[in-house]
Asks: 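Below: one structure in structure tokens.
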Amino acid sequence: MEARVAGVPEDEESGLLPRQSAAGRRPSSRGPRLPPRPAATVDGPLGLPLEEAEGHARRFFLWGFACLPFLWAINCCYFWPVLRSPAASSPTAFGPIRPYVVRSAIGFIIFSVVLITWATTFIVGGERLFGPVWNDLVMYNVADKLGLSGFMG
């Protein structure tokens, strides 16, 4: 069992609160106080520094073109504060990041519309829309054509 120091609150003893200096004040940070920097990521101040954020936003945007459009969605989610702030009132620090995030949002919306349209065409249209070609398009007929479904019973 650990011995407690008399007069020291339990939170300070465990390290949850900063310890007070000898003068009875909490230690202050050195140097002048700077205004808080805007957070570009959903992680807030724990996330990426703004210097690295532009590189990550650019990589997510460019890799989205490599048949990985869900990276555009991740880009939009991760840099949500940049996407959410209006262009006129967004901090100047968001300037280099904003085009990549906005373009990722536009790319993901276009991709989603195309994917939903394609899926809806096949689900709703089916054999009525495609006629006899439908039997060549559906995937469950491929196993029958190749003789792979015989062992299933």
Asks: Check whether any side-chain heavy atom of S104 sits under 4.5 Å from a side-chain heavy atom of F108, and report yes or no.
Replies: no
Asks: Can you check whether F79 reaches L83 side chain to side chain, under 4.5 Å on heavy atoms?
Replies: no
Asks: Considering non-hydrogen atoms only, spot the tightest contact between I116 and T120 and give its length.
Replies: O-OG1, 2.6 Å
Asks: Which heavy-atom pair separates Y100 from N75 by the least distance, and what is that distance?
Replies: O-ND2, 3.9 Å
Asks: Mind running side chain to side chain contact (heavy atoms under 4.5 Å, CB included) on F130 and T121 for me, showing each step along the way?
Replies: CA-CA 10 Å; F130 294 101; T121 301; 4.0 Å; yes
Asks: How close do P96 and P99 get, heavy atom to heavy atom, and via which atoms?
Replies: O-CD, 3.7 Å
Asks: For the hydrophobic clusters of this structure (ILVMFWY residues joined by side-chain heavy atoms under 4.5 Å, transitively), does one cluster hold both L129 and V133?
Replies: yes
Asks: Which pairs pass salt bridge (charged side-chain N to carboxylate O under 4.0 Å, His left out) with one or both residues in residues 60-86, sequence neighbours excluded?
Replies: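 Non-adjacent pairs meeting salt bridge (charged side-chain N to carboxylate O under 4.0 Å, His left out): zero.
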Asks: For R58, which residues count as a salt bridge (charged side-chain N to carboxylate O under 4.0 Å, His left out) partner, sequence neighbours excluded?
Replies: E54
Asks: To the nearest 0.5 angstrom, please state how far the CD1 atom of I97 sits from the NE2 atom of H56.
Replies: 10.5 Å
Asks: Hey, could you give me the CH2/CD1 distance between W72 and I109, rounded to the nearest 0.5 Å?
Replies: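 W72 CH2 to I109 CD1: 11.5 Å, rounded to 0.5 Å.
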Asks: Apply ring pair (Phe, Tyr, Trp, His ring centres under 6.0 Å) to residues W63 and F70 and explain how you reach the verdict.
Replies: CA-CA 10 Å; W63 278 101; F70 286 107; over 10 Å; no
